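No experiment lies behind these values; they were computed from the predicted model shown.
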Amino acid sequence: MTKEAIAETLESIARLLDLKGENPFKIRAYQQAARALELHTGDLEDAAAKGELGEIEGVGKSVAEKIAELIQTGKLAYFEELKSGFPPGLFELFGINGLGAKKIKALYEKLGVGSIADLEVACREGKVAELPGFGDKTAHKLLGAIAQRQANAAFHRLGDVAGVAQRMVEELRAHPAVVRASEGGSLRRRKEVVRDLDFVASTKDPAVVGEFFAHRPDVVEVIAQGPTKVAVRLEGGVQCDLRLVADAEYPYALHHFTGSREHHIALRNRALERGWSINEYRFSAATGEGARPAQPLPDIHDEAELYRALGMDYIPPELRENTGEIEAAAAHKLPDLIELDNLRGTFHCHTNASDGHNTLEEMAEAARELGLQYLGIGDHSKSSFQANGQDERRLAEQGEAIRALNARYEAEGTRFRVFAGVECDLLKDGALDFSDEVLAGLDYVVVSVHGSFSLPEAEMTRRLIRAIENPYVTMMGHLTGRLLLERAGYALDVPAVLDAAAATGTIIELNASPWRLDMDWRWWHLAQEKGVKCAINPDAHRTEGLQDLWFGVAQARKGWLTRGDVVNCLPLGKIETVLGAKRTALGK
DNA sequence: GCCGTTTTCGGCCCGACTGTTTTCAGTCG
């Protein structure tokens, strides 16, 4: 049973307990345990075998026993019993905006509503509006939410919303009544997918700014509009929330609405140690039983000062997931995160020799215009016939063209180089699409899986490790093959693959395409600890695709990576050594 | 159900908005 499946089971238990009206803190305990598992990078089966599950923060004796039962038997008696009390369709009702456990419980007990389809019928027949605590407006909103859910998935890829979000921030900042403005929420933390877009602005005239926001031309629905909060829906379905505060409150509000929730809770506890309570507006002296005597309240003008007041270094938004950043900031040991302009080049780009849109020269020029010193071409290999993969002959011809282009740059005195490479298919059994002799003629090789996605985890892991052990394989492309919001990655033992990469000096790609962002940011901190190097590659299929490096850098930052962890921060003259390191070590 | 310099009991983050109420419950973030 996978870690994700176990976490999902715990989430489901939390929902069922909620429906039963259980103690909210018990519910939260299951949710926290599920989240702890999602962030856990160790081997669960191993921990279960050693009886160490309870050592995971947020997993106690009871949950540890349940996880062990799931791992050993693939089932959990407690969960099965809970489930038997409710119809299976009840779960999907949690996906409807405006419905929580209490309302779902009432709908189920009073009207027998056990699915979204039931709910729609009950709303249309007027039964929902008659329930105590419900009304006409609620019934209407639920119908709207059902339609909304059917029209749009609950999440949006970061790449699909980053542009509009940036424009909205710029417009807010340009508004005369706005003092400061920023994006917030998971968008500011650069999560790979976001549910809605959060914005925070400071102003002396919240009503005017709120009106401005609610009347943007691309707004199709005003969901809520109060004196401090406006929520709208844009064309395309994405919801945008704007919080309006006085400028003195801005650092607190920005921080609060950037989250994450878990980061916040941990930070509040630090404030309490100083006798302070923190909310989205200010620090205040903590009150209540057992509150410590408050230290003098600090004067805060920005987020950096807020962290400083709590004895910590400034924590970049990408790190605010409560995965160790609080402790690191308190110990002044936060990593110096990579920045976009640290990149000196990039790899894994396509040309019209396979399935790209632009020529070799056009891709190289686009990379030069971005200020890069080198570009690695990696067109598809012959087995990817659907992507016009190149055979040995065409690959050799492309190599000639690249040598000619490099010669021209040299003659012109242009300090720019194109590296000849390939995105070599990894065949089902772990063999490569080209012989070692062919690969030896290239500057670098990126290996990717483009077929046979459904192998069992152990077999898939062996398949990748076999490629990693090949001395000519420089880096592994989009490691899990996921397509965000479309296709989950294939089953893979990522830590085992990272171990193999570390042992052989094989680079792992951080594929910067907003559809992939693969390997996932949650694994990079572990990779860093194991000494695995990263290459941030755009997998560009046209010149504009090079811009996706921005997303890759954002994910690398989320994964705690520094410029020292990312090989394409190395300048021309040094990167060649890294590309050849595996062959050199093995005497090839 | 978890956790512990408040350690085996008693806390556990907290404010805004909506709709249904006539003082508040539910949901959301």
Side-chain angles (χ1 to χ4, degrees), chain A residues 10 13-14 17-18 21-36 53-67 78 93-107 128-142 144-145 154 184-189 194-200 206 210 222-231 239-245 249 252-253 255-273 276-282 284 286-292 322:
Chain A
L10 295 177
I13 290 173
L17 293 174
D18 213 352
E22 265 279 7
N23 173 5
F25 297 108
K26 184 170 167 178
I27 295 161
R28 189 187 297 172
Y30 276 99
Q31 289 167 336
Q32 279 170 344
R35 190 182 143 85
L53 286 170
E55 287 174 25
I56 300 170
E57 179 89 15
V59 176
K61 188 162 171 288
S62 170
V63 174
E65 281 171 5
K66 292 184 173 73
I67 296 172
Y78 174 69
L93 289 172
F94 281 96
I96 300 293
N97 262 329
L99 277 190
K102 300 275 186 344
K103 285 194 168 151
I104 293 172
K105 188 170 186 238
L107 287 165
V128 171
E130 291 168 6
L131 280 185
F134 292 68
D136 278 337
K137 281 199 171 178
T138 305
H140 210 102
K141 281 209 155 186
L142 288 175
S186 49
L187 168 70
R188 186 166 179 238
R189 301 200 313 279
V194 300
R195 203 183 276 277
D196 54 19
L197 306 183
D198 289 307
F199 301 91
V200 182
V222 178
I223 299 164
Q225 189 171 2
T228 65
K229 177 183 167 177
V230 182
Q239 181 177 332
C240 302
D241 293 352
L242 171 66
R243 292 286 181 146
L244 296 157
V245 295
E249 298 164 338
Y252 301 98
H255 187 266
H256 183 93
F257 294 113
T258 296
S260 66
R261 197 183 154 85
E262 289 75 14
H263 178 85
H264 246 287
I265 290 171
L267 213 70
R268 277 166 196 269
N269 289 333
R270 270 189 84 82
L272 285 173
E273 288 169 14
W276 303 333
S277 171
I278 181 172
N279 63 18
E280 56 260 60
Y281 300 119
R282 60 190 65 85
S284 54
T287 55
E289 292 286 315
R292 300 196 182 179
N322 196 26

### Task
For A:E273, check side-chain hydrogen bond (donor to acceptor under 3.5 Å, both in side chains) against everything at least two apart and list the hits.
none

### Task
Not counting sequence neighbours, which residues clear side chain to side chain contact (heavy atoms under 4.5 Å, CB included) with A:N23? List them please.
A:F25, A:K26

### Non-neighbouring partners of A:Q225 that pass side-chain hydrogen bond (donor to acceptor under 3.5 Å, both in side chains), sequence neighbours left out
A:E211

Please produce a list of atom pairs where a protein N or O lies less than 3.5 Å from an N or O of nucleotides 3-5 of chain B.
unit_1	atom_1	unit_2	atom_2	d
B:dC3	OP1	A:G58	N	2.8

### Task
List for me each residue that meets side-chain hydrogen bond (donor to acceptor under 3.5 Å, both in side chains) alongside A:E249, sequence neighbours excluded, and say none if there are none.
A:R282

### Query
When the ring planes of A:H263 and A:H255 are compared, do they come out parallel, tilted or perpendicular, using 30° and 60° as the limits?
tilted

### Contacts of A:K229 that satisfy salt bridge (Lys or Arg N to Asp or Glu O under 4.0 Å) - sequence neighbours left out
none

#### Entry: side-chain hydrogen bond (donor to acceptor under 3.5 Å, both in side chains) partners of residues 94-106 of chain A, not counting sequence neighbours, each pair once
none

### Query
Between atom CD in A:E65 and atom C1' in B:dC2, what is the gap in whole Å?
14 Å

### Task
For A:H256, enumerate each residue passing the ring-ring contact (aromatic ring centres under 6.0 Å, His included) test, keeping only those at least two apart in sequence or located in another chain.
A:H264

### Task
Compare the minimum distances between each of B:dC17, B:dG15, B:dG1 and the side chain of A:N279, then state the nucleotide with the smallest one.
B:dG15

### Query
Would you say B:dA16 has OP1 or OP2 under 4.0 Å from some side-chain N or O of A:Y281?
yes

## Note on the structure
Readout for nucleotides 20-29 of chain B: B = base within 4.0 Å of protein heavy atom, S = sugar-phosphate only, - = neither; 5' to 3' it is SS----SSSB

### Task
Please identify each residue that fulfils ring-ring contact (aromatic ring centres under 6.0 Å, His included) with A:F134, with sequence neighbours left out.
none

### Message
Need one value for A:K105: base, sugar-phosphate or nothing, where a base atom within 4.0 Å counts as base even if backbone is also close, heavy atoms only.
### Response
nothing

### A:T258: partners by side-chain hydrogen bond (donor to acceptor under 3.5 Å, both in side chains), with sequence neighbours left out
A:R188

#### Entry: Nucleotide of B:dA16, B:dC12, B:dC14 approaching A:S277 most closely (side-chain heavy atoms)
B:dC14

### P-based separation of B:dC14 from B:dT20 [nearest Å]
29 Å

## Note on the structure
Sorted by number, residues from residues 262-271 of chain A placing a heavy atom under 4.0 Å from DNA chain B are A:I265, A:R268

### Task
Among B:dG1, B:dG15, B:dG19, find the nucleotide with the atom closest to the side chain of A:K141.
B:dG19

